[in-house]
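Heads up: the structure comes next, in structure tokens.
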Amino acid sequence: MCDCERALELLSLELDGQLTPEEKGELEAHLAGCGECRRAAEELRQLHTILPELEEEVPDGLHQAIMDRIGAEKVVPLSRARRPSQLRRWASLAAVFAVILLGAGTWRLFAGSGLSGGTAAPAAANAAPEAAAAARDTASSGAESTGQTEEQPKMVSGQGDVSNDVSQPAQESAAPQDGEGEGAALRMVPPASAQPTPAPEEAGESGQTGGQQAVTFGILPAEAAPEGAVQPDAETTETLRANCAAWLADSAFDQKDRVDTTLVFVAPVTEGDLAAAVCDGESAALLDGTDWAVTLGDTIGHDYAVLLCDSETLAVLGYVPIA
Amino acid sequence: MTEQELVERAKRGDETAFEALVTDNEKRIYNLCRRLVGNPEDAAELTQEAFLNAWRGLGRFQGESSFSTWLYRLASNACIDFLRKEKRRQSLSMTVSLDDDEEERQVELPDERYAPEGELERSEARRAVAEGLEKLTAEHRQVLVMRELNGLSYAEIGAVLGLEEGTVKSRIARARNALRKVLTEQGNFFSERSSRK
């Protein structure tokens, strides 16, 4: 049976053309006997007609103002943080190489006089012959020939290959691969440009010039971050994930039990996050553009949460309402 | 070009593609903000911020909803936040603020004083409805504006606000009736109009 409250709901649905035939019958039956609701129907119809007329044109200059602000943004959505990220990775890989080379050099030095070198040396010693042989094979078809009779040190990066012919699995293989070098000068060539998609480094960038005992290699990040966003390292991500999962468990969110806290995605906070953030006064003071927006759960659907964490303490400062 | 294609290009920094997205969405976003916060200046500012946040956040947008749904959500949240802050900031004096509002609106529609009588009545009716809207809760105003001004479907509104369709339906029904009640209590809105017919 249809009472007035139900009738008002049905009237609303009718305005949007969402009534089923049964509901329409129900409504008409009620209206036939209810003057109040007949008046309500008329009034609701008037409002339904007038409301769309409130729509205004966009004020003059607004479109341009929007585009001016977009243009004033110095960074472009994707490539924003690639550079620092690549440099960091490259710098740490370079440091690893430097240690190995030093170790290898030491080994040579000591091997000559019958002593063994430091901790890096045994590993270097074991890896060296195989790596050198492998490197020789791959390099033989390449452009690098220096005319040296001794084995040439060839540092091969995880992804690219100096000869551009042989592709290697994209793992961090910098450590196990090693070479011995006698007076080898290490020349490191950074990637020519920060590219959003991984591409094999061309031999040209990392080629050797004749006569020089230079080792060059191209380095690519081992994995590309999704959409080119800056992300913290694995350990930090895990700490963030754990902090957020714990915070969520203690919270009063409806969806907290449905959020899969094994799924985590971390990105720098955006202006939108900062504007929409909910946190208490103390935390709000700590919240700034250097902090992390941590998304827990599956973003397809509604079973996820976005929490904001301090870049230094990694503690949860607040959250971003999803709806 | 589809919205998806434009978004893909915009993600790679194509400002022209993003401008197309702005053009497609600016009127509805502006009107959403205009009716949610009640004045054109703040609405313009919030509209700019919505698009700017969308531009900055494109890297994070993964297509889990349509771009315009996401944009509506950004704008809507920003407006609600703005209203909360405004509420905290202002100490409301009912009689004074009502008078101020009416004066403001008269300034906004100067030409209509000289319009033929029928149109004048119509524009006054619109003004009355606009004022009535502002007396609703932000929640009611939100769904009513999205349905009646932006023309979003129940499903789309549900996607923007993270609500089930059934919830959207009943909220819209309650919003419409709340508006009707406000206009009835305020005075002669309906009785005048119906007596003219």
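Remember, predicted model here, so these are calculated numbers, not experimental data. Below, chain A is the first sequence line, B the second, and so on; all start at residue 1.
Under a 4.0 Å N-O distance rule, the pair A/Glu56/B/Arg35 qualifies as a salt bridge. Residues A/Asp3 and A/Arg6 are not paired through a salt bridge, judged by the lack of any N-O separation under 4.0 Å between the basic side chain and the carboxylate. The pair B/Arg141-B/Glu134 does not count as a salt bridge, with every side-chain nitrogen at least 4.0 angstrom from each carboxylate oxygen. For the pair A/Arg241 and A/Glu238, the salt-bridge criterion is met [side-chain N within less than 4.0 Å of a carboxylate O]. At a threshold of 4.0 Å, the pair B/Arg34-A/Glu57 does not count as salt-bridged, since none of the basic side-chain nitrogens sits closer than that to a carboxylate oxygen. Between A/Glu73 and A/Arg69, none of the side-chain N atoms (NZ, or NE/NH1/NH2) sits under 4.0 Å from a carboxylate O, so this pair counts as no salt bridge.
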| side-chain contact (heavy atoms from CB on, under 4.5 Å) between B/Gln142 and B/Val160, intermediate numbers included | CA-CA 11 Å; B/Gln142 208 176 29; B/Val160 172; over 6 Å; no
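Judged by distance alone, with hydrogens and angles left aside, the side-chain atoms of B/Arg147 form no donor-acceptor pair with the main-chain N or O of B/Ser153 at under 3.5 Å. Between the side chain of A/Asp273 and the backbone N or O of A/Thr270, at least one donor-acceptor pair lies under 3.5 Å. Distance alone, capped at 3.5 Å, places no donor-acceptor pair between the A/Asp303 side chain and the A/Val259 backbone.
Looking only at heavy-atom pairs under 4.5 Å with chain B, the residue among A/Val278, A/Thr299, A/Leu62 that has the most is A/Leu62. Ranked by heavy-atom pairs under 4.5 Å with chain A, the list B/Glu64, B/Arg28, B/Glu26 is led by B/Glu26. In terms of heavy-atom pairs under 4.5 Å with chain B, the best-connected choice from A/Thr295, A/Leu13, A/Leu47 is A/Leu47. Your options are A/Leu10, A/Val58, A/Leu11, A/Val320, and the one with the most heavy-atom pairs under 4.5 Å with chain B is A/Val58.
Residue B/Ser76: no heavy atom, backbone or side chain, is found under 4.5 Å from chain A. Proximity to chain A (any heavy atom under 4.5 Å) is shown, for B/Ile80, by neither the backbone nor the side chain. Heavy-atom distances place both the backbone and the side chain of B/Ala44 under 4.5 Å from chain A. For chain B, the nearby parts of A/Ala40 are the backbone and the side chain; heavy atoms of each come within less than 4.5 Å. Looking at A/Gln18, only its side chain comes within 4.5 Å of chain B, counting heavy atoms on both sides. Neither the backbone nor the side chain of A/Asp68 has a heavy atom closer than 4.5 Å to any heavy atom of chain B. In this structure, chain A has no heavy atom under 4.5 Å from any part of B/Phe82. With a 4.5 angstrom heavy-atom cutoff, B/Leu183 touches chain A only via side-chain atoms. Interface remark: B/Ile172 contributes backbone and side-chain atoms alike to the contact with chain A (heavy atom separation under 4.5 Å).
Heavy-atom neighbours of chain A within the stretch residues 164-171 of chain B, taken at a separation under 4.5 angstrom, comprise B/Lys169.
For B/Tyr30, the ring pair (Phe, Tyr, Trp, His ring centres under 6.0 Å) criterion is met by no residue, not counting sequence neighbours.
The aromatic rings of B/Phe67 and B/Phe18 sit perpendicular to each other, their planes meeting at more than 60°, with 30° as the lower class boundary.
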